Undergrad: 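Can you keep this structure in mind? I'll have questions shortly.
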There are 2 protein chains.
Amino acid sequence: MTQQSVTMADVAKAAGVSRTTVSFVLNGRMEANIPEATRERINQTARMLGYRPNAAARTLASKRSAWFGLVTEIATSPFATDVIKGAQRSAWKDGNFLLIAPSDDDPGMEMLAVEKLLEQQVGGLIIATTWHREIIVPENAKSVPCVLVNCFDAAGEFPSIVPDEVAGGYAAAEILARAGHTNIGHITVAQGIPAQIGRQTGMKQALRDHGISQEESKIVAGDGTADSGYHGTQELLAQPDPPTAIFCGNDRIAMGAYDAIKELGLRVGEDISIVGFDDQEILAPHMRPKLTTIALPFEEMGMAGVSLLNQMVEGSPIENRQITIGCPPRIRSSVAMHGQR
Amino acid sequence: MTQQSVTMADVAKAAGVSRTTVSFVLNGRMEANIPEATRERINQTARMLGYRPNAAARTLASKRSAWFGLVTEIATSPFATDVIKGAQRSAWKDGNFLLIAPSDDDPGMEMLAVEKLLEQQVGGLIIATTWHREIIVPENAKSVPCVLVNCFDAAGEFPSIVPDEVAGGYAAAEILARAGHTNIGHITVAQGIPAQIGRQTGMKQALRDHGISQEESKIVAGDGTADSGYHGTQELLAQPDPPTAIFCGNDRIAMGAYDAIKELGLRVGEDISIVGFDDQEILAPHMRPKLTTIALPFEEMGMAGVSLLNQMVEGSPIENRQITIGCPPRIRSSVAMHGQR
DNA sequence: GCGCGTTACTGAATCGTGTTAGCAAATCTG
DNA sequence: CAGATTTGCTAACACGATTCAGTAACGCGC
């Protein structure tokens, strides 16, 4: 054992006080009025001896733990990072830790993950998904406060935090409308998922508000891949009255759209304007021209999840069980004013 | 408290045995020969009562914890995900947990992160970076076994796991050489970092082995961005004897290269062949044509990190302190046979 | 000099588990 | 059938904190 652990008892002996006093001082319990002098002396000895609190002992004794559990599909996507990042940051500043467990699609696996987290005495649970959808929450998750991030349960039993897809779709279409476009195409992500429904609904509302009509033929069903963006764009631009702007259901679709447009000898952001969705960090800002898109607020959702959890753990009543987080536009260079050049 | 925790004592009482016996059975200590009948009865009662072991108590009592700490720059890049994923998987199957702490560049922050992890009684530590480089390991990390992933310390004091940049560069160049190319360009990542030095060294070796000469003018210094790929490619293709193939220092450079090539009216994977590096999941397979590239083995490095850590914790001597993990080629469609069409 | 409040602590119980030492009964050995 | 061994279990301490219930010493007013 290289590990010589210094305990509170050691500090107490060295400082000539009782363990209790050390505990009070180190935890800053002012109500136990320990004079500044003693306080200082104890802090000094603790530092000198290299005392490091034992978190396990603390959780055991105090019956409340310093950590939350986060269950997510690490497997699939880089998005998970951002949720983790936000949650981590938020938890960290309260001195809390995040235990991250994988839930690789398999529902049995997910249950096991939750079980394991509960064994670790987590004070609360966040269940996060990489794409916005409905999930079935494992039964055992009810043992502690639990929030859903980027997903929701059918019964609405759990508080959930999701992106405001509708407002996002509205913002995307509005960018194009404001730029003077009146003939606008749309390539959707996979049919029936909240992202598709929400974004499309928002778009339609925006166009209506701006007095722009859109034929059904201008909405083509994609599946979220670059390929579907490529072919969808070809389809739109082959129409007799091709759109001058396309709202792509996500950034990957936009990537395919760029290729199709360039192949036709047209210029993105000049001849055809493009708006994406997601704001994928390693994609959107590096495309040529840089992609104007709507950001998915993963980091904010992660942060919101932790702070909601904090509220629940402290027992304060939560007013709002369904929180939507706005999707901010990222204006870059793929949208041109229509009729300017 | 909704949380009615069932303890071992409860199980013991319900099953009519002592707590010790329950402990033995539940931990599968065969040497305490408990007959099958009793064993079964205890397991049943435990299940019935919904007994869940208290990890904090267990760590405290047994003086060894079920988790490792992983310190990484979550902030910057999606790569972190893959390391986490690999490490997570690997740890998980031994019933171990990963505590993930952020080290956002700030060295003070990193030290604090390590300190916090040590408080949680982690049995070992992994320090991972998002790009291959030398780091200064915080002093307190020495309290427990510690391995470096995707980075290394100057003194070589810590075991470290890094990608085999040289072999990767070799493989990249060889793909082009095998395809019949003899005039090959290269756009580097940022000067002086291990990735640049290693990949370039590997490339040169491969070309030498294949009897191909390469003028200095065919190597242009980039900085890892798509922009530098775009301009680098323009520079290469403007030369009197332009290369027919380009090895791009990373996938983002390749992304810029694609744009430059297409703008000149040439076709990637037909007129000009491209090989990238990194195999960015949301980039390479979605480019048009799909990018042939060399993968950075983040997931494998994460797994290797954990298993090395396991060895160290168990005290088995480790033979190899500097492990390099191969970078497998991902053959897709951006390389054409030269002189075929 | 008595009662009372404050100051500055301390003793001891507790949290849920791991683990060692040991004991009574049953079984084997010779 | 005495003695040795094995079987099947238990008592009790340890782990490193938190926390409740005190308590000795001191100052202060009357």
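None of these values were measured; they are calculated from a predicted model. First the proteins, then the strands, lettered A, B, ... as listed; each starts at 1.
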Undergrad: Roughly how far, to the nearest 0.5 Å, is the CE atom of B/Met109 from the OG atom of B/Ser103?
TA: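 Here the rounded value is 8.0 Å.
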Undergrad: Is the closest side-chain heavy-atom distance between B/Pro138 and B/Ile127 below 4.5 Å?
TA: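 Answer yes - side chains close enough.
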Undergrad: To the nearest Å, give me how far apart CD (B/Gln120) and C1' (D/dA17) are.
TA: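 So the CD-C1' distance, B/Gln120 to D/dA17, works out to 14 Å.
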Undergrad: Would you please confirm or rule out a distance under 4.0 Å between OP1 or OP2 of C/dT19 and any side-chain N or O of B/Arg29?
TA: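 Yes.
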Undergrad: At under 4.0 Å between heavy atoms, how does the protein contact nucleotides 9-17 of chain C? Give one character per nucleotide, 5' to 3', with B, S or -.
TA: SBBBB-BBB
Undergrad: Given atom CE of B/Met30 and atom C1' of D/dT7, what is their separation to the nearest angstrom?
TA: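 Whole-Å distance recorded here is 14 Å.
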Undergrad: Hey, could you give me the CD1/CD distance between A/Ile193 and A/Glu134, rounded to the nearest 0.5 Å?
TA: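 Here the rounded value is 13.5 Å.
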Undergrad: With sugar-phosphate meaning primed atoms plus P, OP1 and OP2, does A/Arg39 contact a base, only sugar-phosphate, or nothing at under 4.0 Å between heavy atoms?
TA: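 A/Arg39: no heavy atom of the nucleic acid under 4.0 Å.
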Undergrad: In Å, rounded to the nearest 0.5 Å, how long is the span from CZ of A/Arg52 to CD of B/Gln120?
TA: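 It is 11.5 Å, given to the nearest 0.5 Å.
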Undergrad: Say whether, by atom type as modelled, one donor and one acceptor occur between the side chain of B/Thr129 and the main chain of B/Asn150 under 3.5 angstrom.
TA: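 Side chain of B/Thr129 to backbone of B/Asn150, a donor-acceptor pair under 3.5 Å: yes, one is there.
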Undergrad: Please give, in whole Å, the distance from D/dA17 C1' to A/Arg64 CZ?
TA: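 Result: 11 Å.
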Undergrad: To the nearest angstrom, how far is B/Leu26 atom CG from C/dT19 atom P?
TA: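 The answer, rounded to whole Å, is 14 Å.
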Undergrad: In terms of side-chain geometry, is the basic nitrogen of A/Arg133 or A/Glu73 positioned less than 4.0 Å from the acidic oxygen of its partner?
TA: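 So A/Arg133 pairs with A/Glu73 through a salt bridge.
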